[in-house]
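Every chain is numbered from 1 and lettered A, B, ... according to where its sequence line falls, protein lines coming before strand lines.
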2 protein chains.
Amino acid sequence: MTVTLADVAARARVSPATVSRVLNGNYPVAASTRERVLRAVDDLDYVLNGPASSLAAATSDLVGILVNDIADPFFGIMAGAAQTQIGGPGDGSGRAGGEKLAVICNTGGSPERELTYLTLLQRQRAAAVVLTGGAVENEAHQAAISAKLARLADAGTRIVFCGRPPLSDGNALVAALAFDNRGGGRRLTEHLVALGHRRIGYVAGPPDRTTTRHRLEGHREALRGAGIEAEPGDSGAGDPGAGYQERLTVHGPYDRRSGYEATLEILRRAPDVTAIAAANDTVALGACAAVRDRGLRIPQDISVAGFDDLPFSVDAVPALTTVRLPLFEAGARAGRIAMGKENPPPGGIATIAAELMIRGSTAPPRAV
Amino acid sequence: MTVTLADVAARARVSPATVSRVLNGNYPVAASTRERVLRAVDDLDYVLNGPASSLAAATSDLVGILVNDIADPFFGIMAGAAQTQIGGPGDGSGRAGGEKLAVICNTGGSPERELTYLTLLQRQRAAAVVLTGGAVENEAHQAAISAKLARLADAGTRIVFCGRPPLSDGNALVAALAFDNRGGGRRLTEHLVALGHRRIGYVAGPPDRTTTRHRLEGHREALRGAGIEAEPGDSGAGDPGAGYQERLTVHGPYDRRSGYEATLEILRRAPDVTAIAAANDTVALGACAAVRDRGLRIPQDISVAGFDDLPFSVDAVPALTTVRLPLFEAGARAGRIAMGKENPPPGGIATIAAELMIRGSTAPPRAV
DNA sequence: CTGTTAGCGCGTTCAG
DNA sequence: CTGAACGCGCTAACAG
């Protein structure tokens, strides 16, 4: 029923080996022969059997791209960018030549699913794997992932991190493009402090993520630098032992709803905050909604800032002050490294700068 | 170097066939034997060779999900939802049992790349393919796609459309979940008309997309129903032969920038419009920005409406009136159909309702 | 319930 | 430059 290499060979009056050689193109074949073969391919509408080919060659043309949440443009942009470098433009014939099949796998942020996908990719003998976004900070999982990646690399799969810090165990088989989340977080809060803010709420991401931790650390660093850290809350409210900044930090998932609720909570705990920094733009949007629903104006009553500079942030009203991450560029670069089109950064690790984008959602606090 | 099924068999003191049977789970095996085999698998850290398995079984566990633009949450949400139904939750071991590998392929809206991906998926002997979003309306491409899909279906690949109208040639091998774009577009404009708007600008999507056409047709239908269609523009401006509504419609890509520029253009052509309907929410955001940059207020001076009800629309200020599409539900259902967990709709085609969401961005026009 | 026997369709030697 | 033979690792009949 299905047409095989042998059928093509028969029609082109050559041996199967010759057909294979034309198709893979990495072997000298007489022009006239190649012509005949290609005609036969088209005539018969032949499509290479991927599994058979991969089995014989011991490699496949699959490249995996792992993301935490594909519905989030943060990942969509990186993954799409990586795919542009991997999928190849095609030759327009739909015949599919040497292209790789770049495939995006949605882990939902679950380390188990991440491992499962890696195994699936390993099973397919993937040519490369790109892991995007922050990692979960759990020693057992980190170790499991690291071991799995080592085995993949061992089998010839190229591994690239994108927007993800290098493995803590210093696995050198992996090229890593890490975002400067800490620096970005620091500069953002420094900006707020420079405006005159002293009481700044922070809506953090899920507690066990590297991204969350780094951004929060940057925030705290800036506060400390301004001598704000130790400032006590009005004693009598909140946990006695908890510092003011601790009370002003609320963790939650990276979504709008979390930003909304965390902001209400912060406003409840400390009605005198003059600014809210959010872990990312999506969360910031929720924060804005909460601020407005409480009858407060942005930025006159409260400043709000985000992180990532996703496309919609400029359309918030007022436009969101945020930290720009070059998601597309980073994704594309990761894709190129995965394809071997570009060399990994020296030392295997590159830190990608984060740029402060000052817009309308932040302003000096009301006169105290 | 790499451990094979035979190695596992040797260690478990059974035949390769038995190992295969416990791994695939679809054949009776004594509990004690299975136990031994699984232990051997873990001991040896064995990972099934996907290509070999696919070759022998003549099917793979790959499921493709084609999207036009993965950076757009419209597709991200559907694709992510589909993947939840396909990837399976995993058993937490990272060992990867019978799960399918759901992979997202980004076509960039290009029919060539769509074809290429289909070929790649065909080459991999994919178990199923889900095509999401509007199709390009070009007869040659439609025919090519249809032929390719027929061949895929023929080889046992299940095909599901999600948010995409059925093939015009009535290819019955495909299950289609189509959005009621026309009905949604109609109801949206009816809402504007009911508010009292008569001069309504329309920012349409790319001209050759089914989604674009259907939404625009719904819009025109509503105008016609209200007897607005024939209303002439002030003669002397614009193409002599063009009707008023034609002049008020500007096409462009489904992105923010296009919404911005198209809206400026509409405002230039017809400064007296009182409402702008956009082809989708992203475009509507750009339209809002343009309206504001022209010094006009929403909705007092101009009403703006979107389409899709993406998560951020409720956070626009004022919140965006739009048409809600159940993207997640549709994606999940498509995923289930692709997996054979749910039967295709009767006749192979289901139309999914679109719900009008009235929010703050639309209001009656200023007193005329 | 388990072992044995054949291929699945292709890439890659090795000769010519 | 081309053809013939072999085997990649696994599943699917068959037997037992």
Donor-acceptor contacts under 3.5 Å from residues 336-345 of chain A side chains, at least two apart:
residue   : atom : partner   : partner atom : Å
Arg336(A) : NE   : Gln85(A)  : OE1          : 3.4
Arg336(A) : NH1  : Glu342(A) : OE1          : 2.4
Lys341(A) : NZ   : Gln85(A)  : O            : 2.9
Glu342(A) : OE2  : Arg333(A) : NE           : 3.0

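- Counting to the nearest Å, the C1' atom of dG9(D) and the CG atom of Leu48(B) are 9 Å from each other.
- A search for side-chain hydrogen bond (donor to acceptor under 3.5 Å, both in side chains) contacts involving Ser54(A) returns nothing, not counting sequence neighbours.
- With hydrogens and angles left out, the side-chain atoms of Ser110(A) and Thr107(A) include no donor and acceptor closer than 3.5 Å.
- Residue contacts for Thr33(B): at a heavy-atom cut-off of 4.0 Å it reaches the sugar-phosphate backbone alone, with no base atom in range.
- Arg151(B) is linked by a salt bridge (charged side-chain N to carboxylate O under 4.0 Å, His left out) to Asp45(A), counting only residues two or more places apart in sequence or in another chain.
- One interatomic measurement links the two molecules: CG of Leu55(A) to P of dT11(D), which rounds to 11 Å at whole-angstrom precision.
- Residues that satisfy the side-chain hydrogen bond (donor to acceptor under 3.5 Å, both in side chains) test with Asp72(B), not counting sequence neighbours, are absent from this structure.
- The separation between Arg125(A) atom CZ and dC8(D) atom C1' is 11 Å, rounded to whole Å.
- Here Asn49(B) does not reach the OP1 or OP2 of dC8(D): none of its side-chain N or O atoms lies under 4.0 Å away.
- Between Arg21(A) and Leu5(A), the residue anchored closer to the 5' end of DNA chain C is Leu5(A), taking for each the nucleotide with the nearest heavy atom.
- Residue Thr4(B) places none of its side-chain N or O atoms closer than 4.0 Å to OP1 or OP2 of dG9(D).
- For Ala30(A), counting side-chain heavy atoms from C-beta on, the closest listed nucleotide (dG9(D), dC1(D), dC8(D)) is dC1(D).
- If Leu23(A) and Ser32(B) are placed on DNA chain C by their nearest nucleotide, the residue sitting closer to the 5' end is Ser32(B).
- Here chain B contacts DNA chain C (any atom closer than 4.0 Å to a heavy atom, that is under 4.0 Å), and the contacts span dC1(C) to dG9(C) from 5' to 3'.
- Partner of Val19(A) under the side chain to side chain contact (heavy atoms under 4.5 Å, CB included) criterion, out of Val8(A), Leu48(A), Asp7(A): Val8(A) alone.
- Of the residues in residues 6-19 of chain B, those with a non-hydrogen atom less than 4.0 angstrom from any atom of DNA chain D are Ala17(B).
- Using modelled atom types and a 3.5 Å distance limit, the side chains of Ser15(B) and Thr18(B) yield a donor-acceptor pair.
- Here dT11(D) presents its P atom at 11 Å from CG of Asp61(B), a figure rounded to the nearest Å.
- In summary, the side chains of Asn68(B) and Glu114(B) do not present any donor paired with an acceptor at a separation below 3.5 Å, with no hydrogens or angles considered.
- Using a distance-only test at 3.5 Å, with no hydrogens or angles considered, a donor-acceptor pair links the side chain of Thr132(A) to the main chain of Leu66(A).
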